[in-house]
Amino acid sequence: MPVQLLKVIKGKSEIPLPSHLQKEDLKHLQEGLDHTNKYFQDTFVVAGFKLAKSPTAREDGRHSCHLEVSEEAGSAIYIYTAPRTTAASETASVSVAPKYVYTPLNHLKDGTIVNLYGVVKFFKPPYISKGTDYCSVVTLVDPSNVKLTCTLFNGNLDALPKIYKVGDIVRFHRIKIREYNGQMQGITSAGFASLTFDGTVGAPVVPRTSSKVYTFMDEEQKTIEDLRVWAASNLSISGPAAKLSGVQPMLYFDLTCQLVGKAKVDGSSFLLKVWDGTKCPYPTWKVPVEARDLEGEKVLLHQLRNLTVDILVYDNHVQLAKSLKIGSFLRIYSIHTKQASAENEDFSHIEFHLHGGTCYGRGIGVLPESNPDVKELKTFLESVDLADSQNMESMSSVELDGTFNSVTDLESHLKRCQQLSVTVLTDHQDLNNTELKTILNSTAPQQYRIRAKLRTYKPQKLYQSVKLHCSKCNSLREVPDGGDFDLILQGAAVTAPNPDLHNTSWYNSVMWTTQDQKQRKIAIHFVKHDEMLQQPEDTLLMVEGGTLKEVWKLTKRFKCVIPVRSTEDHLELLDLSAPFLLQGNIKYYGCKQCSTPKPIKSLSSIAAEQRPSWEPSEIAQVLGIEPLQYVFVMRFTLVDGTGALNAYIFDYEKFFQIPASEILTNNFLQEKMQMTMNTLCPPGRKLDDLPWLECFIKSYNVRDAMKHQVYYQIFDTTVAEDVV
DNA sequence: GCTTAGGTTTTG
């Protein structure tokens, strides 16, 4: 029921009460009379109440009647507020915002219309009902641990809550409560409105809503944040979503994907061709359809043929599937993976079905481009190298078998991880564990030993976790991609090598001109040792005018490659956005802020050493470069049943036992890291089934002009030996 | 204005 604030100026309400309301004195209240248009005034106004005999009047000696108010009965409450003392600069008007009251789920009563908050424990994405409306069924739970299943109808799809996953948080206004089969049930009433929020601890509190006008204040923001923390350690929400690369036969899963093609199959089924950028490890079925029935971009369908999977949707889902736009991002809920062996084939294949009905939330949801999961998926899809996927044509379970012989092995491995801890401390073993709740309620800085579960982590794409760190100025920088380097090389190639700088006492130079139209001049300067050229694998060289490909080829043969350019009187390094040194697969970068590059001839001091080792750190030093270190930066959301906190990992090598400098160019290490993360936080698992992590964390304060925050960092912790 | 569905996997 709406509660409205009235501003009183000089004893009079600024906004008058509705004229049909008549003031009533408490003394004159009588049972059996109609009080619909009556009000009495105290510090607040109650209008449109029902009068009932107070059952406790005899005991408590209060008035023999009490008032019953409900939105359904058309009741309204007006509260008078005195005007605030306003500063001259402040506007004199006081806002008259409706004050909403939210009912906890354990205080719901039959026949009332209430406002409430809840965490989504289960939901059916909106589907077309057999009547005239869309329907969505949502089960909520709140810290009272009472569940409420709501059946929501609306002819306008947009008016239903935009729930994308279990754990989302909703605020419902004006939902009607009824009793059904001995339980409370929520159902849309006139004026129903909802807001939906991401349930992730620490995520921005931005409501998803279709209504243009809604109230949302600091108080509500706090409610959402509190519910997130409560849900993180009390509600069984599964972790990171499953990918096609992680599917297993004979199960149900939710898939976030992009629609590439669609086709009619027959009256009761419809085909969706989707991809998520990863490769299903099993052979997948292809549903035969007429070429002319297949909608989608032909070239793309062909390019992605090894990455798309066919999902056959049935019955009630057909109508919605038909209306989907090619290219849109979908979450398909409760897809069934079915193992089937086709006749005349030695190998069984995997089929994807979205069966008829809406049990277990089965259905299709369209995700907006603003959805964080969609943003992440888009970035990943853009990074997928299609040439690679063509080569992976026959990639199958054989590759999985290299690591785990079967699903059963993987299961037993995970089971072991649930009992023991998947991470161990490298120090402080004598310390006792502290609960997260205690840590959250304490001041920083402090250090703690904790035992917690990894609910989720960011970024999900592990290559995004690699950054460059300057230990001098403590800045973090993204690792530049090959394209940036290529542009710098192209820019440098515009200036031709200066022949005056060739063939000095400490290097020999060769130069040639490309045969193509560009007539590009390339110079390579081989550094000598003891007046002699060394073996290629021991040689450091400088290159001028080379392309990305040429520089890369040189790194394969020679120990060190330094891209340079000529000035009038010396050779110098390129812009520090480019690596100052390439060695093996690793590109070494310098900090733009902290470096003062020196001319290349400074290197001659190392060349003159007895046995030059060409250590990157030594090269950086003589060239005046402050080298950047590769580092993994990740955010772990940890929970332990008492609370949830975000802790950062800042790791060169110690935590994951993988050098951050090598992961970007090493497929094996990337797979190893993914496996490690899958063990720490198995995708698609419920909270109960997540393994425990033993961690050492420290809290620290971060203050700026605007606010003060406490951050947490994991340290002196490493992944357990048998997990690596 | 009323109905729709009312959580607990198809059997293609």
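To find a chain, count down the sequence lines: A is the first, B the second, and so on, and within it residues start at 1.
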Output a table of donor-acceptor pairs, distance under 3.5 Å, between side-chain atoms of residues 326-334 of chain A and any protein atom two or more places apart or on a different chain; print 'none' if there are none.
from, atom 1, to, atom 2, distance (Å)
S328(A), OG, K325(A), O, 2.6
R331(A), NE, T256(A), OG1, 2.8
R331(A), NH1, Y164(A), O, 3.0
R331(A), NH2, T256(A), OG1, 3.2
R331(A), NH2, D373(A), OD2, 2.7
Y333(A), OH, Y164(A), O, 2.8

Residue pairs passing the side chain to side chain donor-acceptor pair (under 3.5 Å) test where at least one lies in residues 126-139 of chain A, sequence neighbours excluded: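 Of all non-adjacent pairs touching residues 126-139 of chain A, those that pass side chain to side chain donor-acceptor pair (under 3.5 Å) are T139(A)-T149(A).
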
Side chain to side chain donor-acceptor pair (under 3.5 Å) contacts touching residues 283-301 of chain A (sequence neighbours left out):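 Every candidate side chain to side chain donor-acceptor pair (under 3.5 Å) pair involving residues 283-301 of chain A fails, so no pair, neighbours aside, qualifies.
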
With sequence neighbours excluded, residues passing side-chain hydrogen bond (donor to acceptor under 3.5 Å, both in side chains) with N371(A): none

Syn or anti for dT9(B) (syn when the glycosidic angle lies within 90° of 0): anti

Nucleic acid footprint by protein, nucleotides 5-12 of chain B - heavy-atom cut-off 4.0 Å, B for base, S for sugar-phosphate alone: BBBBBB-B

Atom pairs and distances, donor-acceptor, side-chain atoms in residues 153-160 of chain A, under 3.5 Å, two or more places apart:
from, atom 1, to, atom 2, distance (Å)
N154(A), OD1, N156(A), N, 2.9
N156(A), OD1, D158(A), N, 3.0
D158(A), OD1, K162(A), NZ, 2.8

